[in-house]
S.K.: 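Please read through the structure below; I'll follow up with questions.
Naming: A, B, ... by sequence-line order, numbering from 1 per chain.
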Amino acid sequence: MSTNDLELYSSFSLLSTNDECGCHDNDEVRSSNKTKINDRYIQLNIHVSNIVIFIISLHKHNIYQCRKKFSVDTSLLSHKFLVHLINRIFNLNSNFIIKTKNNFVITDDFDVDGCIMNYTDETILELKVDQYDTNNEYSMNENNINDNYDLIEIENDSIIVTIKSISHRQETLLKKATNWFYGTVNTLSNKCLTKKEFHLMLDTTNGRLLNEQLLRQRIYENGCEESIRSTVWCYLFRVFNETMTNEDKKQYLIKATEQYNEMKQSWQSKKELEIITLENLIQKDVTRTDSSEKFFCNKTNSSRQKLFNILMTYCIYHPEPGYVQGMTDMVAPIFYVIRDEPLVYACFCALMRYMSPLFHLDGIAMNRRLDLLRKTIQAIDLELWHKIKQCDTSNFMFAYRWLLLDCKREFPFKDIFRVFETLWASLSIDQFELNNNNNSDTDIDDLSPTSIITRHYLSRISSRTNTILSSCSCSPGLEESLSEYSSIDGCDSGYRDEHSTSLFDLNLNYSKQENIPIIPCIPLEKWLKNFSSIHDENEYSDMFTIFLCVALLEQNRSSIMQMTTFNVDNDDYIGSHFTRLSRKHDAQQALQLARHYHRQYVVFQIRIKRLQLIND
Amino acid sequence: MDYAYVFKYIIIGDINVGKSCLLLQFTDKRFQSAHDCTIGVEFGSRIVNVAEKGVKLQIWDTAGQEQFRSIIRSYYRGAAGALLVYDITKRTTFDHLTMWINDLRNYSTSNMVIVLIGNKCDLSDRREVQKEEGEAFARDHGLIFIETSAKTAVNVEDAFIKTAREICNKIDDGVFDLTNEMCGIKIHHKLPNENPNTRRNSNPNQTSGC
C-alpha cells in the first residue's frame, strides 16, 4: 500500500515539474483564462473530495477545436473510462492521444491516478486530446467497457458524469446531488413503474393496494408502463382505492356497469330538442377530437360512439357545468387507455371533480390560473416576463388553452399519457373526491366506489393521506450525506433537522400526526422568495400545470428573447409561435423541468407552513 | 414583403360556423374538415396588398361556445376589423347575429369595421338563410356583407381584403386616431438600420426645397 502511494507521488512530482512545455495554441490559452474565473468560483463552492472537475480540450492537427468541462465522480476514473468518455462526447473512435496540459501523455490508469493526485493542488485538471486521422475502421474497440455512467449536460458545455445507479446499491453523493438538481428524486427507480413492480405493490392474497401513497409517488416521478396504465389510472382517480380487494373491484365493475347503462338509457330514450341539440354539439366535437389518431378514426371500432355516450351521460347528469368544448380533449386519452366505457365514465367524472371549475361559465378558476401563471413566470424568470409583456398584447391569452386543458394539445398524443399521469399523481387525492359528501345522489351518478359497493370495511380511511414528496420520496441516507456537505446545497441549515408532516398539511387541513417523517432537504432556489405566502388549496392544486406552462415558455425562451422590439407588428409573435407549436413540444423535457420547479415549490410551502405553525 | 400597416382582426360567431376554417383557408390556403375546436383564442397572420400598400393582417380566431364569451369580449377592444360569421345552413346561427352585434357595439372601439360573412355557401342545397336576408341584415346594421365557402375558398380572400380596404379608406378619411393603441391599427416602422438611409436621402431634398 505504502509503496503504491510512493509511486503515485513520484509520478505526481514528475507531472508537476514538467512545466517548460507550454501550450502551443494561443486560442486555447486565452479561452482557458477566461473560463478559469468561473471554474474557480465553482471550485470554491464545492469542496467535495470525491468529485474531480476537469476540462478536456480537443485538438486536431494541433489546432484547437472545442472544449468541455466535466465534473466526474472520482470512483469512475480510469484510463479506459476516459477513453470511453472522450469517444462519446467528441464522437471519436479512439483515434486520439490524451495529454496533460504539460503534454505528458496519459496511457494507463497509473497516469490517470497521477493526474488526480496532482489535481488536489490545482484548481482544475486540464487535459488535451490530440485527434489524429485514421483509415482504420476497426480501431481499438472500447465499447466493451460497460456503460456505467450517466451524463448530465448543463450550461456552457459543462457535463456532470455520475455513476449509473444499480438497484439495491447505495448511490454516490454526486449522483444524489445531481438527482435533486436535475430531475429524478430516487433513481433506484429511475425507470417507469413496471408491471412486475406494480404487482409487488399489491397484497398477494387479495389484490389490495398496499400503499396508495407510494404508488402515487412512483407515478409522479417516472410514470408507469403501458401494460398497467389502465389499472394505475383507476387508482390515480380513486375509482379503485386502497381498501378494495380483487373481489371488490370485480363487484364494483359489475355494479358500475349496471348503473352506467341505466343512466345512459335514460337519455337515449328521450328525444327532446334540448337533448338533440346537445347530441349534435357533442357529436361534432367528438369527430374532430384527435382526428389524426388512427385509433379514433378506425370505423370498425366504435370508439367515437363510446366517447359520445360518455360525454352525453356526463353532461346530462352534470348540468353544471354541462358540455363545454375541451372536454372531449380530456376524455379521449382516458378512453384510449382504459377502453371500458363505464370505467372511463367513472374516471372522467373523477377528473372533472378537479377540473370542472375551469369549465365554469364564470371564468373564476381560469382567471386564477392565468394570474398564477403571470405571477409564477415573473417569479422564476423576470427577464422572460418583461420580454413577453413587451411582445404580447394579449396578456398571456395564448396560454389559455394550456391552462384549460392542462397542456393536452401542446404535446404529441403519444406523450400525453405520461404528462397527465404525472400531473394527476401530483394532486392530493381529495381533489378527486366529491366536495359535498352528503350528496349521495352525485356520488352514485359519478359511480363513486364508496356509493356503489357498500362493505363494512370500505371506508375512506386514506382520503387525507396525501400527495407526492411524502417521506418515501426521500431516498434513505440522502439527508445525512447532504448535511455533511452543507456547502454543496447552499441550504439554510436552520431547516436541516426540521421534522414535518408530509405534503398534506398544505391542504390547510393540518392535523397532528404521530409519526412525523423528515422532509427532504432540497437546496431551495432564489425564485421561491417571490412566493412569500402559502397559496390556498385551489391554487396549490394548480401549480403543477402552472409549472408545466412555465416549462413550455422556458423551452422556447431563446425564440422569445430573440424577437426584435423595433417593430411594433410582432405583438402577435408569441401567440402565433405557440399556435404553430401545438402538439409539437418536447414532453419529456417539459415534464422534467416542471417536476423540478414543483418539487422546489412543494418543499418551500412545507417550510412556510412549518414556520407559521412554530410562530403560532 | 414590406408593409405599411398592421391591422388587428377578430373572427367571431356561433359555434361550428367555420371561423377557424376561414382563417386556415386565408392563411394556409387549405381546408381541414376535422379541425380541432378552438379553445380560447388562436392566432394567424398574413400580409396582403391593399390600395397599393402592404398590410399585415393579424387575426385572432376565437372560440364560438358561450362559455368562452366573457374572456373573448375583453379582446374586442383593440381590433380594427371584425369578421362576424354565420352558417347559411343553420338558421339559429343567423338568429344570434343581433346578440353578437350588441356585444361588439358594447365592447369594441366605435370605428371598428365589421364584415358579415354567410359561410358554407357551397352547401346551397341545405341553405336555410337566403342571401337577401343576410344583405338586409348587413344594410340595417351598416356592415359589409359577403357569402363565402371556406371549403372551396370562394370569396374568402375577398372577405379579408374588403375589410382591409374599408379600414384603409377610414384611415385616409382621418376617422381613426392612430396614436391610440386600442384602435387596432399600427403603422409599421422600418427597421432602424433602414431609417438613417431614407432620412439622409430625403433631408437634402427638403432643405433644397426651402
S.K.: To the nearest 0.5 Å, how far apart are OG in B/S20 and CZ in A/R288?
M.R.: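 Spacing of OG (B/S20) from CZ (A/R288) equals 7.5 Å.
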S.K.: Under a 4.0 Å threshold between the charged nitrogen and the carboxylate oxygen, would B/D36 count as salt-bridged to A/R401?
M.R.: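 The answer is no: the pair does not qualify as a salt bridge.
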S.K.: Which atoms of B/S74 are under 4.5 Å from chain A, going by heavy atoms: the side chain, the backbone, both sets, or neither?
M.R.: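 Neither part.
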S.K.: Please classify the contact of A/L404 with chain B as side chain, backbone, both or neither, using a heavy-atom distance under 4.5 Å.
M.R.: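 Looking at A/L404, just its side chain touches chain B.
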S.K.: Could you check whether atom CD of B/E133 has more than 12 heavy atoms from other residues, nucleotides or ligands sitting under 6.0 Å from it?
M.R.: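 More than 12 within 6.0 Å, yes.
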S.K.: Find the distance between OG (B/S70) and CG (A/L361) and round it off to the nearest 0.5 Å.
M.R.: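 Going from the OG atom of B/S70 to the CG atom of A/L361 covers 6.5 Å.
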S.K.: For residues A/L281 and B/Q65, determine if any side-chain heavy atom of one lies less than 4.5 Å from a side-chain heavy atom of the other.
M.R.: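 Yes, close enough: below the 4.5 Å cut-off.
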S.K.: Are there over 12 heavy-atom neighbours, none belonging to B/K170, within less than 6.0 Å of that residue's NZ?
M.R.: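 Buried by this count: over 12 neighbours within 6.0 Å.
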S.K.: With rounding to the nearest 0.5 angstrom, report the CG to CG distance, A/D285 to B/N16.
M.R.: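 Rounded to the nearest 0.5 Å, the CG-CG separation comes to 6.0 Å.
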S.K.: Does B/R126 CZ have over 12 foreign heavy atoms under 6.0 Å away?
M.R.: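 No - once you tally the heavy atoms of other residues, nucleotides and ligands closer than 6.0 Å, there are 12 at most.
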S.K.: Can you name the closest pair of heavy atoms from B/C37 and A/Q325 and give their distance?
M.R.: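 Taking B/C37 first and A/Q325 second, the nearest heavy atoms are CB-NE2, 3.6 Å.
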S.K.: Quick one: CD1 on B/I72 to OH on A/Y400, what's the gap to the nearest 0.5 Å?
M.R.: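 Atom-to-atom, B/I72:CD1 and A/Y400:OH are 7.5 Å apart.
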S.K.: Count the heavy-atom pairs under 4.5 Å between each of A/R580, A/R409, A/K284 and chain B, then report the option with the highest count.
M.R.: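 Option with the greatest count: A/R409.
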S.K.: Go through it in stages, so that I can follow the logic: the residues are B/F68 and A/V324, the test is side chain to side chain contact (heavy atoms under 4.5 Å, CB included), and I'd like the CA-CA distance, side-chain angles, deciding distance and then a yes or no.
M.R.: CA-CA 9 Å; B/F68 301 105; A/V324 182; 4.2 Å; yes
S.K.: Pick one of side chain, backbone, both or neither for A/F359, based on which atoms fall under 4.5 Å of a heavy atom in chain B.
M.R.: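 Only the backbone of A/F359 comes within 4.5 Å of chain B.
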S.K.: Can you confirm whether more than 12 heavy atoms, excluding those of B/R77, are under 6.0 Å from its CZ atom?
M.R.: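 Not buried by this count: 12 neighbours or fewer within 6.0 Å.
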S.K.: With a 4.5 Å cut-off on heavy-atom pairs, point out which of B/T38, B/T92, B/I71, B/V41 contacts chain A the most.
M.R.: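 Heavy-atom pair counts peak at B/I71.
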